[in-house]
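Encoded as structure tokens, the structure appears first; notes follow it.
Residues: numbered from 1 along the sequence shown. Remember, it's 1-based here, ligands and their atoms both numbered in the order they're listed. These numbers come from a predicted model, not from an experiment.
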Amino acid sequence: MAEYENLLEIKNLSFSFKTYGGTVKAVRNVSLTLRKGEILGIVGESGCGKSVTAQCIMRLNPEPPGFFEGGEILYKGKDVLKMSKAELKALRSREIGFIFQDPMTSLNPTMRVGKQIEEVFHGHKDISKAEIHKKVLNIMRLVGISDAEKRYRQYPHELSGGMKQRIMIAIALVSDPTMIICDEPTTSLDVTIEAQILDLLLELREKFGTSIIMITHDLGVIAKLCDRVVVMYGGKVLENGTVDEIFYETAHPYTYGLMNSIASLDTDKNSVLTPIPGTPPDLFAPPKGCPFAARCDYAMKVCLEHPPEYTNLTEEHRSACWLQHEMAPKVDLRGKRKETV
Ligand SMILES: Nc1ncnc2c1ncn2[C@@H]1O[C@H](COP(=O)(O)OP(=O)(O)OP(=O)(O)O)[C@@H](O)[C@H]1O
Ligand code: SF4
Ligand SMILES: [Mg+2]
């Protein structure tokens with residue numbers, strides 16, 4: 001455990017895209033860690049940089065137009081940004097599995113799904129065709145695909161949305177990865193299949209100690225699955241901590257807003273969800289102070305001028321908000337919060 005207690009360590013990562021309209025500063029100074037056997041949630045509104053951050057880990061963002069502005073991504077102590085092509089290939093095909101948001105666009109419509117799972121082993125010389133075939137059928141059964149032999153020969157259009165997502169999950173899992181990144185893997189699925197897939201992820205962690213990053217809008221998913229949570233906004237991490245700290249000791253006004261605005265699995269259908277008024281910051285020209293200042297009920301003059309530093313509230317919990325400054329007025333955020341999770 002000691003050698004790589006942090007399986008993944010992202011330090012001050014900044015990633016931008018050059019476009020005709022200017023440079024989109026998609027990820028700004030993001031730091032986070034993922035430990036062995038841990039499930040880490042990343043939550044935040046659309047466009048806040050969750051997918052771009054996750055894709056940086058495997059260098060999956062198109063470069064160009066994307067480019068790294070700074071930072072390090074250490075996987076098992078080795079910087080992904082300095083890896084050779086061969087090392088990156090091994091990272092993608094053996095170490096980390098990625099489950100994408102939309103199975104419809106990620107599967108090849110012209111290839112049988114079994115073959116698409118087998119593709120993961122392309123170029124692997126230490127495993128025979130028969131072993132690969134056996135592994136593929138096993139993984140298809142593990143992810144809950146019945147009649148695996150028949151499904152193996154089918155094309156994506158012959159499968160339901162839930163089945164396609166299971167194929168995507170099988171692709172991510174077939175090489176027994178140490179880590180899986182799930183980018184809103186259940187968004188397009190109904191609640192029963194969603195629950196089955198979440199149970200499967202928990203089982204993988206339990207049985208094989210797989211580390212998981214779970215990107216989601218759904219705080220119910222976070223509560224069910226995750227050990228720790230990272231809250232992102234405008235390309236930055238605004239708060240992170242254990243699930244209990246984020247839910248019950250919420251420190252950042254944005255996290256409060258998020259909790260009141262997002263429906264979750266357990267949301268009482270009669271409870272009123274209050275959207276956060278306003279829109280996220282323009283990532284072409286991010287505000288120079290706190291990125292949330294334009295929408296924050298507690299914004300002070302300093303918030304507009306200077307970005308808040310992180311304050312460590314506990315060993316795991318930190319928040320980037322001027323309210324945590326020792327000289328700041330004491331406000332009771334809790335009074336404004338509505339219970340939604
Ligand atoms: N290829 C690209 N070219 C230009 N801008 C991009 C590209 N990919 C992402 N972006 C921009 O980077 C920012 C962060 O996008 P990202 O996809 O990470 O958001 P997200 O948090 O995953 O949102 P969602 O919840 O909708 O999936 C957005 O402003 C997006 O428009
Ligand atoms: S730093 Fe200021 S604007 Fe930003 S969340 Fe805290 S109080 Fe609100
Ligand atoms: Mg996304």
His217 N/O to ligand 1 N/O under 3.5 Å: yes
Structural part of Cys321 in contact with ligand 2, heavy atom criterion under 4.0 angstrom: both
Is the NZ or CZ atom of Lys18 positioned over Phe67's six-membered ring, under 6.0 angstrom from the centre and within 45° of the axis? yes
Any nitrogen or oxygen of Phe17 lying under 3.5 Å from a nitrogen or oxygen in ligand 1? Just yes or no. no
Return yes when Gln324 approaches ligand 2 closer than 4.0 angstrom through a heavy atom, no otherwise. no
Gln55 to ligand 1, any heavy atom closer than 4.0 Å: no
Has Cys303 got an N/O/S atom less than 2.8 Å from atom 2 (Fe) of ligand 2? yes
Exercise: do Arg141 and Ser146 side chains pair donor with acceptor under 3.5 Å: no
Pairs of nitrogen or oxygen atoms closer than 3.5 Å, one from Glu184 and one from ligand 1: do any exist? yes
Judging by distance only, is a nitrogen or oxygen of Pro62 under 3.5 angstrom from one on ligand 1? no
Can you report which non-hydrogen protein atom sits closest to atom 5 (S) of ligand 2, along with the distance? His252 CE1, 3.4 Å
For atom 1 (S) of ligand 2, the option (of Tyr256, Trp322, Tyr298) bearing the nearest heavy atom: Trp322
Under 4.0 Å and counting heavy atoms only, is there anything from the protein next to atom 2 (C) of ligand 1? yes
Does Cys48 have a non-hydrogen atom less than 4.0 Å from ligand 1? yes
Can you list the atoms of ligand 2 that are under 4.0 Å from a heavy atom of Cys296? 3 (S), 5 (S), 7 (S), 8 (Fe)
Side-chain donor-acceptor pair present, Thr216, Glu184, cut-off under 3.5 Å: no
